[in-house]
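For reference, the structure discussed in these notes is given below.
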Amino acid sequence: MVPAASMRRLTTCLLASLALPACSESADVAREGEIASVLARADEAQIRARPQLTAGKYSRMAGSLHAYHRGSLAVFRSDFRANHLGLAVSRFELEHPLVLGTGDPHFENYGVLVGADGELALEPNDFDSADRLPYLWDVRRLAVGMVLAAHASNPSAPAAHDATVAEERGIAAAVADGYVNALSALAQGAAPVRVTSGGDSGILTDALSRSEGDLAAREELAELTLLEGGRRRLLRGAPDPSDPSQTLADLPPNVLAALPATLARYRATLLAPPPAEDFQVLDAARVFGKGVASWARVRIFILVRGPSDAPEDDLVLELRELGDSGLGGWYPPGEYYDDVGARILATSRAAWARPDAAPLWGVSELLGLPCQIKWETEGQKTLRVARLVGLLGSASALTAAARRLGEIQARIHASGGSAGALWGRISGDTSGFVAEQAEVAVRYARQVRADHALFGSALEHLGPNLGVVAAEGDAPPPDLAALIGAPP
Amino acid sequence: MKRTFGAVACAVACFAHPAHAQEDDGFEGRAAPPTAAGTTALALEVRPGLEVFAQYAYRRTEHPSGPASWYHEFDVPRVHVALDAKAEDARGRVVVEGVRSAAEGALIGVAGNSIVFRAREAFAAYSFKWVEASAGLVPKLALPEIEGTWMLRAVAPAPEEVHGFLAPADLGANVRATLPQGYGFVGVGAYNGEGYANRELNRGKNAELALSVHPIPKGLLKPLALFAGYELGSTGTGRARADRLSGALLWQGKRLRGGAAATWAWGLADDGAQRALMLDAFVRAEPVEDVLLGLRGSHFLRDTRASDDTLTVVDAAVGYRVAAPLQVFLAATRSLPSSTAADAIPGSRYWEGRLVSRVAF
């Protein structure tokens with residue numbers, strides 16, 4: 001028998017424990033902890049294997065609101081599923097069919113691609129998170145991203161900046177409006193539109209015209225390579241002195257030796273593969289400091305021969321490590337692709353207006369890491385918030401761009417034959433749909449702005465890797481560690 | 001030549017000799033094996049075991065604004081292999097479980113998405129009279145009490161585990177005192193707090209206190225138990241609050257088992273500000289020898305900050321004990337989210353039918 005005194009002590013302990021929940025924590029503290037935990041959990045494997053690189057990624061995210069938004073997809077997912085911010089609630093919900101979604105549509109995940117026909121077109125250019133999704137996920141993610149792009153506009157001109165921000169709701173609404181208009185046409189059998197001109201969008205016109213100019217000049221060869229004795233090689237160090245965070249470094253010999261086999265596998269995934277000789281490796285360099293969400297992933301520039309031995313037609317390819325989308329598993333079967341590479345190929349070619357919108361976009365594997373390889377050229381400009389200055393940062397410019405991006409996103413969603421189902425859900429109240437998406441986007445963007453400050457605070461409190469401390473045993477084996485590398 | 005033969009003979013003799021004989025001499029004059037597992041005099045006291053669920057499941061998902069969809073698959077929702085050992089007042093236990101290699105949290109799957117093994121329990125325990133202390137990857141106190149009353153995991157896992165309220169095991173230590181004359185137990189534990197499938201991510205440690213009382217441990221009311229548990233904890237690098245208060249009224253009979261449990265969460269899924277409630281009621285009956293019936297219902301209030309954010313699930317099953325170690329079940333599940341929950345968790349409104357076998361040794 002337990003003595004009565006012991007039982008009394010036990011009861012006292014129990015009551016004391018129950019009293020503790022009364023000590024509540026502030027909402028900000030809780031949110032800061034949530035952001036840190038969600039991001040650290042999503043990135044834990046990377047943090048443990050490559051802590052310097054993930055620290056660089058977080059540092060970049062802390063540096064700007066838009067970079068934080070780009071790198072915090074895991075928080076968006078957590079909020080969508082938890083739903084207390086209303087991110088998933090909608091009168092226009094449609095969970096079936098899941099559409100082909102790009103998963104992380106935002107202003108800087110669209111850009112110009114040079115198609116197999118030589119024509120330039122604006123297309124989605126990041127499929128890291130592409131998967132089968134509820135359509136509202138993409139619509140809302142894009143609308144939020146456009147509101148945040150507005151907040152990044154004209155940073156040095158407060159009046160212009162404020163004027164654009166004042167129109168944030170209209171910019172978000174333009175995404176939904178463009179989506180509705182394009183979907184309406186697609187549901188009635190219209191052909192998918194390939195965006196080859198900027199139309200009323202100065203931002204798109206700017207990207208297309210600059211791409212056209214730099215494509216002809218092969219500007220990337222001038223920026224990334226040196227021509228010595230009739231032979232071209234990649235630069236080392238920072239190609240752009242004004243951006244020292246991006247650097248090129250030597251690759252270890254075992255990685256260089258593996259590249260021909262990697263390129264052979266890559267070539268086999270292309271729709272119309274050029275001759276194998278075109279991919280003869282001339283030089284290769286590890287790239288550090290590029291991207292945001294993919295900042296910590298392995299990225300390599302590979303200089304290959306091109307169509308002839310002449311250095312003028314050498315090509316620079318970008319190899320980038322791939323990972324899971326992180327956005328699958330909504331309901332059974334939850335997985336729709338055999339592997340990561342298959343997901344990238346299937347989603348990109350379906351999302352583009354034509355499957356050969358980027359004929360050198362393929363996948364492969366390097367020393368066991370799945371990777372994507374594409375042409376690195378200044379003729380394929382990505383939309384950048386840094387260019388949202390002057391007229392390009394005006395509300396009207398952003399509104400026009402938002403509308404076009406909404407149209408593209410509708411085309412992507414309709415690519416799997418879902419146009420009818422989507423239109424059936426929206427068509428009864430299109431203005432209500434537009435208003436709802438604008439409302440959610442503005443509200444959630446406000447949350448993201450608050451989160452960005454809390455994220456910075458979390459880094460201060462928890463350290464550069466949000467509190468995950470890599471142990472000695474977490475280090476990858478030497479050959480993989482050499483491939484991953486560390487920023488100089 | 002003679003010396004070579006002698007060395008070979010000695011080596012053969014060593015391998016042929018029972019392992020415990022090697023330790024009996026204290027490894028005098030030679031190195032002990034790199035691991036002592038299987039080499040001690042007590043190795044023969046180790047008892048292996050296994051539990052496997054195999055099922056065919058058909059799910060029809062009802063989508064609020066579209067046609068229903070369906071999916072079916074064969075699966076092995078549980079693959080457990082255990083080794084138990086006990087000698088004198090000490091015991092040890094290792095349980096490994098099969099899981100999908102590309103489950104949530106995996107960066108890249110192993111060989112596609114193979115079923116791979118990971119540790120579920122691995123601990124040493126020492127009993128002193130009515131107190132047992134365990135350390136390692138230990139079963140916790142609250143969930144095993146609820147799950148162990150249900151005893152129909154093959155039909156449905158505990159909703160408290162499914163939705164992240166309670167974890168079945170964690171890295172840490174606990175002490176469990178069995179109250180005399182069958183009055184129940186009281187236990188305390190300290191754990192990392194991330195569950196058995198994650199590494200520790202913060203300096204905070206979870207503390208658990210649990211009490212199970214059988215108020216009338218003799219006669220007809222012996223199966224009646226009152227359970228209360230409280231866990232003070234945190235998860236993630238952000239040390240998100242993760243406190244739990246559980247209470248249950250349980251009936252732990254031989255032919256009839258059941259209970260009603262409520263668990264309140266301060267903090268869930270890395271959100272320390274979330275407040276959530278799980279209500280759970282279940283009954284398991286064996287009305288006729290070898291015929292098993294199970295019924296379980298749960299109501300999950302996902303977040304008190306949102307209105308109408310709930311998920312209700314009902315499981316029902318009929319089973320038959322084909323042989324002592326083998327049971328088969330025909331089970332059905334109905335999942336009903338509220339409108340708000342349905343938006344946040346697409347695919348959560350469904351019917352599911354399963355044909356399940358469970359074998360345990």
Side-chain angles (χ1 to χ4, degrees), chain A residues 1-2 10 13-14 17-18 20-21 24-25 27 29-41 44-46 78 80-84 86-90 92-98 134 136 323-324 329-333 335 338-340 369-370 421 424-425 458 462 465-468, chain B residues 59 61 63-69 71 73 102 104-108 112-113 177 179-181 183 186 188 198-199 201-202 207 209 211 228 230 232 234-241 243 245 266-274 302-303 305-306 309 340-348 350:
Chain A
M1 183 65 107
V2 178
L10 179 67
C13 286
L14 181 63
S17 298
L18 292 177
L20 285 172
S24 63
E25 51 191 334
V29 171
R31 181 67 178 173
E32 180 185 320
E34 181 184 5
I35 292 165
S37 293
V38 168
L39 288 173
R41 212 178 285 283
E44 186 181 347
Q46 283 197 30
S78 176
F80 193 93
R81 298 200 73 117
N83 203 27
H84 72 273
L87 190 54
V89 173
S90 173
F92 303 93
E93 162 281 333
L94 182 68
E95 64 178 40
H96 182 79
L98 297 175
L136 274 175
D324 288 331
W330 295 93
Y331 51 81
E335 293 179 28
D338 289 342
D339 53 49
V340 177
L369 292 180
R425 192 73 187 100
L462 297 169
N465 274 314
L466 293 173
V468 177
Chain B
R59 180 179 292 194
T61 306
H63 305 287
S65 320
S69 61
Y71 191 68
E73 67 174 341
E104 198 166 0
L107 188 61
I108 295 169
N113 193 356
L179 305 182
Q181 299 176 28
Y183 273 102
V186 59
V188 293
N198 295 296
R199 286 171 67 168
L201 290 170
N202 62 45
L209 178 66
L211 173 69
Y230 180 70
L232 182 69
S234 60
T235 60
T237 58
R239 293 183 65 174
R241 187 177 178 184
D243 300 347
L245 175 63
W266 290 269
L268 194 67
D270 290 329
D271 180 0
Q274 189 170 339
R302 294 187 350 121
D303 192 334
R305 292 168 295 185
D309 194 352
T340 302
D343 286 352
I345 33 179
S348 54
Y350 64 84

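Order of the sequence lines sets the chain letters (A, B, ...), proteins ahead of strands, with each chain counted from 1.
The salt bridge (Lys or Arg N to Asp or Glu O under 4.0 Å) test applied to A/Arg425 returns no partner, not counting sequence neighbours. Among residues two or more places apart in sequence or in another chain, the salt bridge (Lys or Arg N to Asp or Glu O under 4.0 Å) test is passed with B/Asp271 by B/Arg305.
Within the 4.5 angstrom heavy-atom criterion, no atom of B/Asn202 approaches chain A. Of the atoms belonging to A/Pro333, heavy atoms from both backbone and side chain fall under 4.5 Å from chain B. Contact of A/Glu93 with chain B is made through backbone and side chain together, with heavy-atom distances under 4.5 Å. Both the backbone and the side chain of B/Thr235 come within contact range of chain A, with heavy atoms under 4.5 Å apart.
By number of non-hydrogen pairs under 4.5 angstrom with chain B, the leading residue of A/Ser90, A/Pro134, A/Gly424, A/Ala421 is A/Ser90. Heavy-atom pairs under 4.5 Å with chain A peak, among B/Ala207, B/Pro67, B/Ala306, at B/Pro67. The candidate from A/Ala36, A/Ala458, A/Ala88 with the greatest count of non-hydrogen atom pairs under 4.5 Å with chain B is A/Ala88. Comparing B/Ala269, B/Pro64, B/Gly66 by heavy-atom pairs within less than 4.5 Å of chain A, the highest count is held by B/Pro64.
The side-chain heavy atoms of B/Thr340 and B/Arg302, taken from C-beta on, include no pair separated by under 4.5 Å. Counting heavy atoms from C-beta outward, A/His84 and B/Asp309 have side chains that stay 4.5 Å or more apart. By the 4.5 Å heavy-atom criterion applied to side chains, B/Asp270 and A/Ser78 are not counted as neighbours.
A/Arg31 and A/Glu34 are joined by a salt bridge, as a carboxylate oxygen and a charged side-chain nitrogen come within less than 4.0 angstrom of each other.
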